[in-house]
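Each residue takes its place number in the sequence, starting with 1. Excluded from the calculations below are hydrogen atoms, water molecules and symmetry mates; all remaining heavy atoms, backbone and side chain alike, are included.
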Amino acid sequence: MVKAEIIVIGSGIAALKTALEASEHKHVILITKSDIRDSNSYLAQGGIAAAISDRDTVSFHKEDTLTAGQRYNKVKVVEKLVEEAPSIIAELIRSGMQFDHDHDGTLMLGMEGAHSERRILHSHGDATGKYIMEHLIGCLKNSSITVIENVAAVELIIGEDDSCIGIKTLDKTGELVTYHAEQTVLATGGCGSLYHFTSNSQTVSGDGIALAFKAGAKVRDMEFIQFHPTLLFINGKAEGLVSEAVRGDGARLVTETGRPIMDDVHSMKDLAPRHIVAQTIFSYLQRGEKVFLDISMIKDFKKRFPTVSSLCEKSGLDLQFGKIPVAPGNHFLMGGIEVDEWGQTSVPSLYAVGEVACTGVHGANRLASNSLLEGLVFGNTLGQLLANMPARSIPEEKELSKSSCQFTFLPDFTTLQEKLMSEAGIVRNEAGLTRLKDYLETFNIEELLQMEVTALSIKEITKINAIIVAWLIAESALTRTESRGGHFRSDYPSEDDSQWLENSVILARTDVKNRVKGRRLDEYIEA
């Protein structure tokens, strides 16, 4: 058994920022199931939003965030995000982070969808996430933080006082190691790779959400998933992200014949909020019409967007034709583990930060380039809180009832991805969501929640976690009988403010028994 004051699980921007701040006064162990550079943050092409120009204000940034979130956001948390953004950026620059500049030496500020002003900072064009992460990794190497890579957190440990007292981990050889900690932080990202089409790292599969839910933490807003409108779409496969900054520089979404598709849909046309653009593209694809991003008007495209250009070339696409085939895919989870503005979950001494957490800051749909900002702002807050937290004695581990039942069948991961994409994707309805929920419940959700996993392989545990998170998405999407932001129900196509503007779908482990139907796999197949 290993003891630490603080354990942070994850390797994205929120994990690193939290760990760095906490390490000012505490011994921190950072654990990630892959390489430290394997995260959504590292892949982030877009940029980071902050109201720092003379034309911009934090009030404008706040209003854009609320508008994109369909007014479902928690206003106090949004205010915290936008008000702290300029100082967070200034701190990054002071510590050596380099952002792109215009020819006159001023910071280059880009435009993206649903923003009213140019406020997006970039680094090396479309590689902002990579260079911020490299900067933070450099800071990490100069800290006292212990970094453990290629080790998966498989179970949170609960103490006799019902607080979290650490984690159990497995490496690729199956070696089990127990870590006890005064405070534990989940910063594991969202659940993008559960979907057939996604911009996410394949390691981001919802593990943190499943771990927290099994340990008794509440989750909320799991129905709100942002589908990025423009993934590179080659031969029926999504090959990676084509940054929204491309449209910010003037690219247009067009049909194969060159007809613009967004002109009559929204006043902001190609820079409309992401859910509107994604739904529009999806409607064309459903009719069998291909959609392209016309980049012919962007000068020096390869120099301006080296990451996108490299992705296209690796996929065999000749950019000389000036058109990039695109399709929407899972990009970001607005929901997650319910936390307060400090990152505290409903389980004492268990915290969550970044995309795995749901503070309410994004509402029903995240504003472009607010995600890296979220990781920095809330990672900074949580890290400082932990750094100054009084020491606590770690109680004895609570004896929990565990199931050692043997399952004979777990789904192929590709099958699960396809079912989520088709039944809980860009457009949902009761029939499809019910089919998905019934299918998932054939694997006995209640037993999966209490299964002893430490004797299983990481691959099996990942599948179990994926089933649990998929069930949370299906149940939440069925419960919310309206359309708002990233959640579009074709059978309830309008927003219902009277019922849903102030109400959230919040699920706890104690709710599961009353929500499952308990069908067996053979019954599902016969049906």
Side-chain angles (χ1 to χ4, degrees), residues 10-20 30 32-50 85 88-89 91-101 107-110 112 120-143 145 147 149-150 187-190 192-193 198-204 228 230-232 238-246 248-249 300-315 329 331-332 354-355 366 368-377 379-380:
S11 60
I13 193 169
L16 268 56
K17 184 62 175 173
T18 301
L20 286 166
L30 186 143
T32 175
K33 71 176 181 179
S34 57
D35 181 273
I36 199 166
R37 289 175 171 81
D38 192 354
S39 68
N40 281 348
S41 297
Y42 205 89
L43 294 175
Q45 293 177 10
I48 185 166
I88 282 285
I89 294 300
E91 178 191 326
L92 266 181
I93 294 172
R94 281 196 303 271
S95 65
M97 177 62 201
Q98 297 288 320
F99 289 103
D100 296 341
H101 287 73
L107 282 169
M108 183 183 295
L109 299 176
E112 290 186 7
I120 315 302
L121 293 97
H122 294 92
S123 182
H124 294 75
D126 56 357
T128 311
K130 173 183 176 179
Y131 283 92
I132 293 179
M133 287 296 294
E134 287 293 352
H135 175 72
L136 293 178
I137 290 168
C139 296
L140 206 66
K141 290 176 180 177
N142 296 321
S143 73
I145 298 167
V147 178
E149 298 175 285
N150 300 304
T188 54
S193 71
T198 182
S199 63
N200 285 201
S201 165
Q202 287 305 303
T203 63
V204 181
H228 198 287
T230 54
L231 303 188
L232 175 63
E239 299 291 352
L241 183 67
V242 179
S243 171
E244 190 161 301
V246 176
D249 270 19
D300 300 320
F301 184 86
K302 290 185 179 182
K303 183 178 179 181
R304 177 72 180 90
F305 298 103
T307 305
V308 173
S309 298
S310 175
L311 175 68
C312 291
E313 288 168 356
K314 287 178 181 177
S315 301
H331 187 56
F332 192 88
E355 191 177 350
R366 175 176 65 80
S369 289
N370 268 356
S371 56
L372 292 176
L373 179 63
E374 175 193 17
L376 289 174
V377 168
N380 185 66

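- Nearest heavy atoms, S95 versus L92: OG-O, 2.8 Å.
- Contact detail for G329 and L231: the closest heavy-atom pair is CA-CD1, 3.5 Å.
- Between M97 and S123 there is a side-chain heavy-atom pair separated by less than 4.5 Å.
- Contact detail for L232 and S315: the closest heavy-atom pair is CD2-OG, 3.5 Å.
- For the atom pair SG (C312) and NZ (K302), the distance works out to 10.0 Å, reported to the nearest 0.5 Å.
- Note that the OG1 atom of T18 and the CD1 atom of I13 stand 10.0 Å from one another [nearest 0.5 Å].
- Using a 4.5 Å heavy-atom threshold, the side chains of I48 and L376 count as touching.
- The CZ atom of R304 sits 7.0 Å away from atom CG of D100, with the distance rounded to the nearest 0.5 Å.
- Of the charged side-chain nitrogens involved, none lies within less than 4.0 Å of a carboxylate oxygen, so that R366 and E374 do not count as a salt-bridged pair.
- For the pair I36 and M133, the tightest heavy-atom approach, listed with the atom from each and the gap, is O-CE, 4.4 Å.
- Q45 contributes a side-chain N or O that, together with a main-chain N or O of L241, makes up a donor-acceptor pair within less than 3.5 Å.
- The shortest side-chain heavy-atom distance between K33 and T188 does not fall under the 4.5 Å cut-off.
- Of the possible donor and acceptor atoms, one in the side chain of S193 sits under 3.5 Å from a partner among the backbone N and O of V204.
- Atoms CG and CG, from L372 and N40 in turn, are 10.0 Å apart once rounded to the nearest 0.5 Å.
- The pair K17-E91 counts as a salt bridge, with a side-chain nitrogen and a carboxylate oxygen less than 4.0 angstrom apart.
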Residues F301, D249; criterion side chain to side chain contact (heavy atoms under 4.5 Å, CB included); working and verdict:
CA-CA 10 Å; F301 184 86; D249 270 19; over 6 Å; no

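- Within the 3.5 Å criterion, the main-chain N or O of S243 finds no donor-acceptor partner in the side chain of D126.
- The aromatic rings of H124 and Y131 sit parallel to each other, their planes meeting at less than 30°, with 60° as the upper class boundary.
- Expressed to the nearest 0.5 Å, how far CG of L140 lies from CG of L16 amounts to 5.0 Å.
- Side chains of L43 and S201 form a contact here, defined as non-hydrogen atoms less than 4.5 Å apart.
- Of all non-hydrogen atoms in T128 and G46, the two that sit nearest each other are OG1-O, 3.3 Å.
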Given side chain to side chain contact (heavy atoms under 4.5 Å, CB included), test L121 with L109 step by step and report yes or no.
CA-CA 5 Å; L121 293 97; L109 299 176; 3.8 Å; yes

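- Proximity of a side-chain donor or acceptor of T198 to a complementary backbone N or O of G192 within less than 3.5 Å is detected.
- If you take CG on N370 and CZ on F332, they are separated by 9.0 Å, rounding to the nearest 0.5 Å.
- In this structure, A245 and E112 approach most closely via the heavy-atom pair CB-OE2, 4.0 Å.
- At least one donor-acceptor pair under 3.5 Å links the side chain of T230 to the backbone N or O of V242.
- Counting heavy atoms from C-beta on, the side chains of M108 and F99 never come closer than 4.5 Å.
- Contact check for T32 versus T203: no side-chain heavy atoms found under the 4.5 Å cut-off.
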